[in-house]
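A note on names: the letters A, B, ... follow the listed sequences, proteins ahead of strands, and every chain is numbered from 1.
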There are 2 protein chains.
Amino acid sequence: MKQNSNMPAFLSKLWTLVEDTHTNEFFTWSQNGQSFLVLDEQRFVKEILPKYFKHNNMASFVRQLNMYGFCKVLHIGSGIVKQERDGPVEFQHSYFKQGQDDLLENIKSKVSSSKPEENKICQEDLTKIISSAQKVQIKQETIESRLSELKSENGSLWKEVSEFIVMLLQNNQPVSLKRKRPLLLNTNGAQKKNLFQHIIVKSPRSGLYMYIFIKMMNYLF
Amino acid sequence: MKQNSNMPAFLSKLWTLVEDTHTNEFFTWSQNGQSFLVLDEQRFVKEILPKYFKHNNMASFVRQLNMYGFCKVLHIGSGIVKQERDGPVEFQHSYFKQGQDDLLENIKSKVSSSKPEENKICQEDLTKIISSAQKVQIKQETIESRLSELKSENGSLWKEVSEFIVMLLQNNQPVSLKRKRPLLLNTNGAQKKNLFQHIIVKSPRSGLYMYIFIKMMNYLF
DNA sequence: GGGAATATTCCC
DNA sequence: GGGAATATTCCC
């Protein structure tokens, strides 16, 4: 095995200790070389772990195996003796095979690849979102002031129109006399009725001022 | 020393081993109890470090001290013998004083306080910003459709008013005859002139249509 | 099986 | 002195 500088210590240690023929009795390759076996966990923990690592906990060893993508091989109580508690433990990784140390370099740690990228993306996205939100906010202010202008102008226009009508009615002049089409045509359609047709046809004079007043209130407040 | 569950193992170990009177010969409090001394680095590394930690490197011990905010005390060659290479090493922390174990809880790791919070804030803020941006976007759509409504209605009203004026002028009726005050009073003030006074006073009839046409174009497109 | 805190190593 | 990778522990 060529010890590349970018090969994690855990992997080279694992390879070394599974290759070590002195411990084949309780830690060795499986028959077909596709996985490795811990045949005696007690001896493995006491005799091997402290020799290669800074601990003697099976859990920490397994945590590292999981960190590098190894999977426990399940023995579904077939022909294996004493399965209950301290039976043999088997681990497997598609790039950890007997006689194929050239595959080892494909084994990657799960933290080294994922965590840093997420943080970088988080920072970039944060910047993008903030600047985008600021632009929307600025545009919103522009729109709101434009809206306020239009609202005010609209109120004034309604007032104008109503005063025109009042003036004409006071002069006993028929409003729609010389007109070919309705006075208020909404460009976007039917939602609002034609105010003046409505007034002239249906409203008595006493109702006219109330109608105009309500209309104005809608636009001024 | 009360071993709180939130006290890092490194700090309680450090306190224990500096308090240990058996090792006062080469690892102990300074005279005034404001700092601690490594009088014999060789013995400290070989006899103490592996007993309390999972290593025997002075560098790793110092790395942890720095991680928890301890500072090396500089001896600027005053009265101290053999300063050159393996002289005594002294470390100090404002919350690590002889006889004051109650201060220990104020010592914080530099990573445990800064890194996780940044990430948590990043996540929380991300959620807040996104939901806030969505609300702004929704409101913006409401405002824009309201604006579009008003714009259209405003155009229609200008059209109405202009047609009134045209009608009145065609009937040779003086527009401002019976009025006590200007026709177009903007509620928010002076920005826009009184259109009709302007027209009546200054515009010849030929200019009136052009003026109204421009006004309408502004609101319809 | 894996997230996250703490520890150790490596490196500037 | 401290940033960052890897290792070990603790916990769900």
(request) Compare all side-chain heavy atoms of A/Val38 with those of A/Met58 and state whether any distance is below 4.5 angstrom. (result) yes
(message) For the OH atom on A/Tyr95, are there more than 12 heavy atoms of other groups (residues, nucleotides or ligands in this structure) within a distance under 6.0 Å?
(response) no
(message) What I want to check is whether the side chains of A/Trp29 and A/Glu19 have a donor and an acceptor closer together than 3.5 Å.
(response) yes
(message) For the CD atom on A/Gln100, are there more than 12 heavy atoms of other groups (residues, nucleotides or ligands in this structure) within a distance under 6.0 Å?
(response) yes
(request) Calculate the interatomic distance between A/Met7 atom CE and D/dA7 atom P; express it in whole Å. (result) 12 Å
(request) Tell me which residues in residues 48-58 of chain B put a heavy atom below 4.0 Å from DNA chain D, sorted by number, or none. (result) B/Lys54
(message) Between P on C/dC10 and CZ on A/Phe10, what's the gap in Å once rounded to a whole number?
(response) 17 Å
(request) Measure the angle between the two terminal helix axes of the helix from C/dG1-D/dC12 to C/dC12-D/dG1, five base pairs each, and quote it to 10°. (result) 10°
(message) The criterion is salt bridge (Lys or Arg N to Asp or Glu O under 4.0 Å); which residues satisfy it with A/Arg63, sequence neighbours excluded?
(response) none
(request) May I have the distance from B/Phe61 (atom CZ) to C/dT6 (atom C1'), rounded to whole angstrom? (result) 16 Å
(message) In whole Å, I'd like the distance from the CD atom of A/Gln64 to the C1' atom of D/dA5.
(response) 12 Å
(message) Could you work out, with salt bridge (Lys or Arg N to Asp or Glu O under 4.0 Å) as the rule, every residue matching A/Glu144, not counting sequence neighbours?
(response) B/Lys139
(request) Pick base, sugar-phosphate or nothing for A/Tyr68, based on heavy-atom distances below 4.0 Å to the nucleic acid. (result) sugar-phosphate
(message) So, taking the atom named CD in A/Gln137 and the one named OG1 in A/Thr142, what distance separates them when rounded to the nearest 0.5 Å?
(response) 11.0 Å
What does the list of N/O pairs under 3.5 Å between the protein and nucleotides 1-3 of chain C look like, with a distance for each?
from	atom 1	to	atom 2	distance (Å)
C/dG2	OP1	A/Lys110	NZ	3.4
C/dG2	OP2	A/Lys110	NZ	2.6
C/dG2	N7	A/Arg63	NE	3.2
C/dG3	N7	A/Arg63	NH2	2.9
C/dG3	O6	A/Arg63	NE	2.8

(request) Kindly compute the distance separating CG (A/Leu103) from NZ (A/Lys97), expressed to the nearest 0.5 Å. (result) 8.5 Å
(message) Strictly by side-chain hydrogen bond (donor to acceptor under 3.5 Å, both in side chains), give each pair with a member in residues 46-61 of chain A just once, sequence neighbours left out.
(response) A/Arg43-A/Glu47
(message) Suppose we call two aromatic rings close when their centres sit under 6.0 Å apart. Are A/Phe44 and A/Phe26 close by that rule?
(response) no
(message) Output the rounded distance in Å from NZ (A/Lys13) to C1' (C/dT9).
(response) 10 Å
(message) Between B/Trp158 and B/Glu153, is there a side-chain donor-acceptor contact under 3.5 Å, judged purely by atom types and distance?
(response) no
(request) Report yes if a side-chain nitrogen or oxygen of A/Ser60 is closer than 4.0 Å to either non-bridging phosphate oxygen (OP1 or OP2) of D/dT9; otherwise report no. (result) yes
